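Presented below is the structure to which this report refers.
All figures in this text were calculated on a predicted structure; none of them were measured in a lab. Residue numbers count from 1 along this sequence.
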Amino acid sequence: TVGLNVSFTVLDAGNEFLAINTSGTNIVAVYEAGLLELTGVETKENYAAVIATLTYDNTKDEPNFADRVLEFLLTDGKNVSIPVYSVISLQPVNDAPRLNSTLNNTVFGFEED
């Protein structure tokens, strides 16, 4: 099968995702637990355009800030390329305070992390 695999070690299970836009191509993308698999016969230009849309998202409020190393492996159905690596660095952000209230909406409290 012709395709590309993008993988990384998940440090915040269930909260980390890779996404890619394959619109207008014959490329099919499937993501599961740190592995994004792209398959389909397509031009190298279309693969490059699709790869340029790759995004990483971490939905955890307090994520693990260790770097994520992405590994890219390409196959033509017979041979697998040497790996290419890219690093994602996460930066801590001080979130704005959130207002919490009790059920009767008369007592308020603030949450700050």
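Nearest approach of Ala29 to Leu36, heavy atoms of both residues: CB-CD1, 4.2 Å. Minimum heavy-atom separation, Val10 to Ala33: CG2-C, 3.9 Å. The two residues Leu74 and Gly3 have their closest heavy-atom pair at CD1-O, 3.1 Å. Contact record, Ile82 with Leu73: C-CD2, 4.1 Å, taken as the closest heavy-atom pair. In terms of heavy-atom proximity, Asp67 sits nearest to Ser89 at OD1-OG, 3.0 Å.
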Practice task
Apply the test side-chain contact (heavy atoms from CB on, under 4.5 Å) to residues Leu11 and Phe65: give CA-CA distance (whole Å), side-chain angles for both, the deciding distance (0.1 Å), then the verdict.
Solution key: CA-CA 9 Å; Leu11 300 177; Phe65 290 107; over 6 Å; no

Problem - Evaluation steps, side-chain contact (heavy atoms from CB on, under 4.5 Å), between Leu54 and Leu18 - result: CA-CA 7 Å; Leu54 179 67; Leu18 294 177; 4.3 Å; yes

Practice task
Let me see the working for Asn58 and Asn15 under side-chain hydrogen bond (donor to acceptor under 3.5 Å, both in side chains), right down to the final yes or no.
Solution key: CA-CA 5 Å; Asn58 189 321; Asn15 294 289; 5.6 Å; no

Exercise for the section: Check step by step if side-chain contact (heavy atoms from CB on, under 4.5 Å) holds for Glu71 and Val84. Expected result: CA-CA 6 Å; Glu71 178 184 69; Val84 174; over 6 Å; no

Exercise for the section: May I have the step-by-step check of side-chain contact (heavy atoms from CB on, under 4.5 Å) for Thr9 and Glu16, ending in yes or no? Expected result: CA-CA 10 Å; Thr9 301; Glu16 293 183 279; over 6 Å; no

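Judged by distance alone, the side chain of Glu42 and the main-chain N or O of Asn26 form a donor-acceptor pair under 3.5 Å. With hydrogens and angles ignored, the 3.5 Å screen pairs a side-chain donor or acceptor of Thr75 with a backbone N or O of Gly77.
Side-chain contact, Asn21 with Ser23: a donor N or O sits under 3.5 Å from an acceptor N or O. Donor-acceptor pairing under 3.5 Å is lacking for the side chains of Thr25 and Asn46.
No more than 12 heavy atoms of other residues, nucleotides or ligands shown are found within 6.0 angstrom of CD on Glu32.
Note on Val80: it does not cluster hydrophobically with Leu38, by side-chain heavy-atom contacts below 4.5 Å among ILVMFWY residues. Tyr56 and Leu35 fall into different hydrophobic clusters, where Ile, Leu, Val, Met, Phe, Trp and Tyr residues are linked whenever their side-chain heavy atoms come under 4.5 Å apart, directly or through other members. Neither Val28 nor Ile51 shares a network with the other; the hydrophobic side chains, linked directly or stepwise wherever heavy atoms of I, L, V, M, F, W or Y lie under 4.5 Å apart, form separate groups for each. Under the 4.5 Å side-chain heavy-atom criterion for Ile, Leu, Val, Met, Phe, Trp and Tyr, Leu70 and Tyr31 are members of the same hydrophobic cluster.
Ile27 is listed as a side-chain neighbour of Tyr47, based on a closest heavy-atom distance under 4.5 Å. Counting heavy atoms from C-beta on, the side chains of Phe72 and Ser86 come closer than 4.5 Å.
Note: Ser7 OG to Arg68 CZ = 14.0 Å, rounded to the nearest 0.5 Å.
Applying the under-4.5 Å side-chain rule to Ile, Leu, Val, Met, Phe, Trp and Tyr, the cluster around Val87 extends to Val69, Tyr85.
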